[in-house]
Amino acid sequence: MLRVASDIAPVRLAAGVGIVGTCARTRELINVPDCYADARFDPSVDRKSGYRTRCLLALPLVDHQGALVGVMQVLNKRRASSSPPTKRLAACSPRSAR
């Protein structure tokens, strides 16, 4: 079942901060199986929210002209990171289209 966190306020970070910032800067899909073991991970949002991010998939969102419009994150996947849904999301990455 897909659960969307609709009751959480948007989180905005400076460009280049954390894994999301790296994804925005490089425009590459980033799959992190253990966030706290990754030096790019910024745990400040976890501390503020009380949420515990274990793993994440960050995907750059680009428009039809190639301009970055945002970064989508999928958090705390329950299964291994190489499952078909992860591969389908990776296929949406602008890097994979090249």
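Bear in mind that the values here come from a model prediction, so they are computed numbers and not experimental data.
Atom CG of D34 and atom OG1 of T53 lie 11.0 Å apart (nearest 0.5 Å). The structure places CD1 of I19 at 10.0 Å from CG of N31, a figure rounded to the nearest 0.5 Å.
V20 approaches Q73 most closely through the heavy-atom pair CG2-CD, 3.2 Å. The nearest pair of heavy atoms linking E28 to C23 is O-SG, 3.3 Å. Considering every non-hydrogen atom in both V32 and R40, the closest pair reads CG2-NH2, 4.0 Å. The two atoms that bring P33 and C55 nearest to each other are O-CB, 3.3 Å, heavy atoms only. The nearest pair of heavy atoms linking L29 to P60 is N-CD, 4.0 Å.
Under the 3.5 Å distance criterion, the side-chain polar atoms of N76 are matched with a main-chain donor or acceptor of R54.
For residues 20-46, the set of pairs meeting the ring pair (Phe, Tyr, Trp, His ring centres under 6.0 Å) definition, not counting sequence neighbours, comprises Y36-F41.
Connection of V69 to L59 is established within a shared hydrophobic cluster, with ILVMFWY side chains joined at heavy-atom distances below 4.5 Å, either directly or through further cluster members. Using a 4.5 Å cut-off between side-chain heavy atoms of Ile, Leu, Val, Met, Phe, Trp and Tyr, with links allowed through other members, V45 and V71 fall into different hydrophobic clusters.
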Exercise. Does the side-chain contact (heavy atoms from CB on, under 4.5 Å) test come out yes or no for I30 and L57, once each step is laid out?
Worked result: CA-CA 6 Å; I30 300 175; L57 182 67; over 6 Å; no

